[in-house]
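Just so it is clear, the values below take in all heavy atoms, side chains as well, and ignore hydrogens, waters and symmetry mates. From a predicted model like this one, the values you see are computed outputs, not experimental measurements. Throughout, a chain's letter reflects where its sequence line sits, starting with A, and its residues are numbered from 1.
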Amino acid sequence: MGNFYGFGYGMHGMRIFVPMTRTRWTPPPGFARKLINWSRHLDRPLPWREEQEPYRIWLSEMLLQQTRAAQAIPYYHRFVEQYPTVQELAQADIAEVLRLWEGLGYYNRAHFLHQTARIVTSTRGGQFPDTYEGLLALPGIGPYTAAAIASFAFGRPHAVVDGNVIRILARLTGLEGDPARPEVRREFQARADTLMGRSDPAAFNQAMMDFGAVQCVPRQPDCPSCPFAGFCMAWNTDRVNAFPAKKTRRTLRHRYFLFLVLKKGSRTWLVRRDRGDVWRGLFTFPLHETDAPVDDPEALARSGWPFLPPMRPMTISGPWEQVLTHQHIHAWILTASFPRTTAIPPEWMAVEIRDLPNFAFPRILRRFLNDPRTSLIP
DNA sequence: TATTCGTGGAT
DNA sequence: TATCCAAGAAT
């Protein structure tokens, strides 16, 4: 355990602290009431705010996992319009769901969304579980999402612990550990639950996340204007930037992709991405991957796809770049006409080129398709 | 339990 | 420009 400090609860901006060793953190009195009161003056319109329907709350929370609210909003509107009820979502084809999800990333979420819709529809008559534990058992619903739905939809007293709450509590209470560690995570959860107390769970959770998004922001927060500065550990020890503990830096893996846009008349071929890799369930053009930088895309293409006619010219586009969380994709896209269809691998799927807008593609390929110079889609 | 799952906005 | 990281969950 690290050092703990006791604080005087002073007025706004007051810096009273007495270094001391403690074994227990003491919650500031009246925190929940003050926090909710703070949030009343806030103008932060979100389409799922004040929403009562569990389906829509669940949908919004799935869209919001590791995603900024601003990015999720247009997707939320499209999903609600396309699938007004969980039954309609359950009946949809996963390819269609993924097409609607395209561009949002973390495509496993779309698969979990669909799975949970089917479970809720087929085994629960379209009704979501109304308990934290029941929600937690569903695909794609972890501790955060279960707490969010349980509180927002059913008024149950479970405090959400997301990135906002971790940042707020780390600074406010001086919790220094790595939030990724389970015991530290449990402590965050315990302190969040303590702070929630007997206040309105939905109002408290909403206010905490609003507070993190508006006031206790990651970088250069305006602490002098913060209503809790008087008993904020980080502020009163001048260590605001030290909380929360920094995540370990990721290492980028470089991957080199060759995509083949093989055209025969009005058609081309696609493959579907499998599980266990990026872009699960999305479509791409047939792909040849190497682990070394590509200096001669055409030569590599001809060795990767030996059936390509030797004399026929190819159009070479690239490199197209996309940086993912753990990977940097370098892509070359080769376009070739091919009069014969023999030797086409059986897993390749022939599609009409004009139908390409209907398939879910990774962003890097959608950028290629939308580029006017590509002129693949008329 | 450490890694791996996208994408884009902010600084 | 490079870096951070966002209403996390699964494996």
Margin query: Quick one, A/F231 with A/F31, criterion ring-ring contact (aromatic ring centres under 6.0 Å, His included). Give me CA distance, side-chain angles, the key distance, then yes/no.
Written below: CA-CA 10 Å; A/F231 41 78; A/F31 177 84; 7.0 Å; no

Next item on the list: Heavy atoms only: give me the nearest A/S199-A/I36 pair and the separation to one decimal.
Entry: CB-CD1, 4.1 Å

Next item on the list: Could you check which of B/dG6, C/dA7, B/dT1 has an atom nearest any side-chain atom of A/Q322?
Entry: B/dG6

Note to self: Let me confirm one number: the CD-CG distance from A/E96 to A/L100, rounded to the nearest 0.5 Å.
What the structure shows: 7.5 Å

Check: So how far is it from A/H288 NE2 to A/R302 CZ, rounded to the nearest 0.5 Å?
Finding: 13.5 Å

Check: Looking only at atom P, what distance separates C/dA7 and B/dT11, rounded to whole Å?
Finding: 13 Å

Notebook entry, point to check: Which of residues 131-145 of chain A have a heavy atom under 4.0 Å from DNA chain C?
Noted result: A/L138, A/P139, A/G140, A/I141, A/G142, A/P143, A/Y144, A/T145

Next item on the list: Among the candidates B/dG6, B/dT7, B/dC5, find the nucleotide nearest to the side-chain atoms of A/H326.
Entry: B/dC5

Next item on the list: Return no unless some side-chain N or O of A/W279 is found under 4.0 Å from OP1 or OP2 of B/dT7.
Entry: yes

Note to self: Please confirm whether the ring centroid of A/F338 lies under 6.0 Å from the ring centroid of A/W348.
What the structure shows: no

Next item on the list: Counting heavy atoms from C-beta on, name the nucleotide in B/dT7, C/dA7, B/dG6 closest to the side chain of A/E61.
Entry: C/dA7

Margin query: How long is the straight-line distance from CG of A/L169 back to CE of A/M233, given to the nearest 0.5 Å?
Written below: 12.5 Å

Note to self: Using a distance-only criterion (donor-acceptor N/O pair, under 3.5 Å, no hydrogens), is the base of B/dG8 paired with the side chain of A/T67?
What the structure shows: no

Check: With respect to A/E183, which candidate in A/R181, A/R186, A/R185 satisfies the side-chain hydrogen bond (donor to acceptor under 3.5 Å, both in side chains) definition?
Finding: A/R181

Check: Among all residues two or more places apart in sequence or in another chain, which pass the ring pair (Phe, Tyr, Trp, His ring centres under 6.0 Å) test with A/W332?
Finding: none

Check: Below 4.0 angstrom from OP1 or OP2 of B/dC5, is there any side-chain N or O of A/N108?
Finding: no

Next item on the list: Look at all strands and tell whether A/V323 reaches a base, only sugar-phosphate, or nothing, counting heavy atoms closer than 4.0 Å.
Entry: base

Notebook entry, point to check: Hey, are A/E102 and A/R99 close enough for a salt bridge, meaning a charged N less than 4.0 Å from a carboxylate O?
Noted result: yes

Note to self: So A/V160, base contact, sugar-phosphate only, or nothing? Heavy-atom distance under 4.0 Å.
What the structure shows: nothing

Item checked: Side-chain-base donor-acceptor pair under 3.5 Å for A/R44 and C/dA7 -> yes

Next item on the list: Taking only the side-chain nitrogens and oxygens of A/Q66, find out if one of them lies under 4.0 Å from OP1 or OP2 of C/dG8.
Entry: yes

Is there any protein nitrogen or oxygen under 3.5 Å from a nitrogen or oxygen in nucleotides 9-11 of chain B, and what are the pairs?
{"unit_1": "B/dG9", "atom_1": "N2", "unit_2": "A/R68", "atom_2": "NH2", "d": "3.2"}

Next item on the list: May I ask you to evaluate whether A/Q71 reaches the phosphate of C/dA7, defined as a side-chain N or O under 4.0 Å from OP1 or OP2?
Entry: no

Next item on the list: Determine: side-chain N/O of A/R109 to OP1/OP2 of C/dG8, distance under 4.0 Å, yes or no.
Entry: no

Check: Has A/Y106 got a side-chain N or O lying under 4.0 Å from the OP1 or OP2 atom of B/dT4?
Finding: no

